[in-house]
Amino acid sequence: MSALFDVLPWLGQLLVLALLLVMLLNRLVTQPLTRYVLLTVLLVLCFTVPLAGSTAAQWLRSVIGDLSVLTLLVLANSLMLRIRHHALLGRDTRRILLVAAAVTGVVFYPLALGMGPIDPYRWGYAPQAMVAVLCALSLVAWLKRWRTLAVIPLLPLLAYNLHLLESDNLWNYLLDPVLVVYALVQVFRALRHRAHA
């Protein structure tokens, strides 16, 4: 297996573990320096100390699988907000990304599981049409001066062309169940908040 195949999975494990630990440490530890030291120590332990033959990071990967590029972006954004109080994505960009992920996931997964006349997952193996759609979305966002949103569809394409996951399917670089569930929760939370406002 190429070492490149480990890049995104490793980054996904790191981001998920870091985010979970930061959420926990923010509740338990008041001193920022102590939080950072504990976070570093705990992350090193999660990647190096085996539990029943596997590290915590390896256990995590076996449970959630490899994460898509868009999931990594959402996780990095959440982590930056919690650690540095600075977002990588603007509020509108994040909202558009999560709504798009939720809608795509709700349509894509039932069809990919055979609950319809087409299987969109097959498109990801010969993704010329998907590449055209992603490039068109990027161009529209750029023309509307949504610079960050214009770059986002290109990131999975770049990772796909560099073969940074074991998968040969473009869908695996775009979407995964973790992102869809998170996006659905956030969309429903926003709708409920708007209904009560």
Side-chain angles (χ1 to χ4, degrees), residues 8-9 11-30 32 35-36 38-39 42-43 46 56-57 59-113 115-116 120-121 130 133-134 137-138 140-141 144-156 159 170-197:
L8 289 187
L11 183 58
Q13 296 161 31
L14 177 66
L15 287 171
V16 170
L17 287 168
L19 187 58
L20 292 172
L21 290 170
V22 164
M23 290 167 61
L24 177 67
L25 292 172
N26 281 351
R27 292 177 180 265
L28 300 176
V29 182
T30 57
R35 273 200 307 261
Y36 291 134
L38 281 171
L39 175 63
L42 290 171
L43 283 174
C46 285
W59 280 104
L60 179 67
R61 185 178 182 189
S62 70
V63 171
I64 64 173
D66 293 341
L67 301 175
S68 68
V69 174
L70 298 183
T71 303
L72 299 181
L73 182 61
V74 169
L75 289 171
N77 184 65
S78 292
L79 190 59
M80 285 294 291
L81 272 172
R82 285 177 168 80
I83 291 178
R84 309 292 285 169
H85 304 291
H86 177 74
L88 296 173
L89 304 173
R91 183 175 292 166
D92 289 341
T93 300
R94 179 181 176 274
R95 189 184 76 244
I96 290 168
L97 178 60
L98 292 177
V99 168
V103 170
T104 303
V106 164
V107 173
F108 171 78
Y109 280 110
L111 291 174
L113 292 171
M115 298 180 190
Y121 190 73
M130 290 176 62
V133 169
L134 290 171
L137 289 172
S138 180
V140 168
K144 292 211 172 255
R145 300 190 190 280
W146 299 334
R147 301 302 189 219
T148 305
L149 201 55
V151 172
I152 290 173
L154 302 179
L155 296 175
L170 181 55
W171 278 112
N172 293 325
Y173 291 81
L174 287 167
L175 204 62
D176 60 69
V178 172
L179 176 60
V180 172
V181 169
Y182 178 78
L184 286 169
V185 168
Q186 295 303 313
V187 167
F188 283 128
R189 182 181 291 175
L191 290 173
R192 189 175 64 183
H193 178 72
R194 184 174 295 176
H196 292 304

Exercise for the section: Side-chain contact test, heavy atoms from C-beta onward, threshold under 4.5 Å: evaluate it for W171 versus M130 and give yes or no. Expected result: yes
Problem - Backbone N/O of A150 and side chain of S138: donor-acceptor pair under 3.5 Å - result: yes
Fill in the blank from the handout: Here the pair of heavy atoms bringing V180 nearest to G105 is CG2-CA, 3.7 Å
Handout entry: Side-chain heavy atoms of L39 within contact of V22, under 4.5 Å
Key = yes
Practice task
Check whether any side-chain heavy atom of L43 sits under 4.5 Å from a side-chain heavy atom of L21, and report yes or no.
Solution key: yes
Fill in the blank from the handout: Smallest heavy-atom separation, S68 atom then L175 atom, equals CB-N, 3.5 Å
Exercise for the section: Measure the shortest side-chain to side-chain distance between L75 and L79 over non-hydrogen atoms and say whether it is less than 4.5 angstrom. Expected result: no
Practice task
Could you verify whether a donor N or O on one side chain and an acceptor N or O on the other, from N26 and R35, lie under 3.5 Å apart?
Solution key: yes
Practice task
Find the distance between CG (L67) and CG (L15) and round it off to the nearest 0.5 Å.
Solution key: 8.5 Å
Handout entry: Y36 atom OH, neighbour heavy-atom count above 12 within 6.0 Å
Key = yes
Problem - Close side-chain approach of Q186 to R189, heavy-atom, < 4.5 Å - result: yes
Handout entry: Distance-minimising heavy-atom pair for A102 and V187
Key = CB-CG2, 4.1 Å
Problem - Atom pair CH2/CD1 of W146 and I152 - distance to nearest 0.5 Å - result: 12.0 Å
Practice task
With the side chain counted from C-beta on, respond yes when Y182 and S78 share a heavy-atom pair under 4.5 Å apart, and no when they do not.
Solution key: yes
Problem - Heavy-atom pair of closest approach, residues Q13 and R61 - result: NE2-CD, 3.1 Å
Fill in the blank from the handout: Closest non-hydrogen contact found for L17 with C46 is CD1-CB, 3.8 Å
Exercise for the section: Measure the shortest side-chain to side-chain distance between L137 and V133 over non-hydrogen atoms and say whether it is less than 4.5 angstrom. Expected result: yes
Practice task
Drop me the distance from L42's CG to L25's CG, to the nearest 0.5 angstrom.
Solution key: 6.0 Å
Exercise for the section: Nearest 0.5 Å please: distance from the CG atom of L134 over to the CG atom of L174. Expected result: 5.5 Å
Problem - Any donor-acceptor N/O pair, N77 side chain to L89 backbone, under 3.5 Å - result: yes
Problem - Nearest heavy-atom neighbours spanning A112 and P120 - result: N-CD, 4.0 Å
Completion exercise
Interatomic distance, CG@L73 vs CZ@R94, rounded to 0.5 Å, equals 11.0 Å
Exercise for the section: Report yes or no: do Y173 and D66 form a side-chain donor-acceptor pair below 3.5 Å? Expected result: no
Handout entry: Test item: V151 and T148 side chains (from C-beta on) under 4.5 Å apart, heavy atoms
Key = no
Practice task
Working to the nearest 0.5 Å, report the span between CG of L24 and CG of L19.
Solution key: 11.5 Å
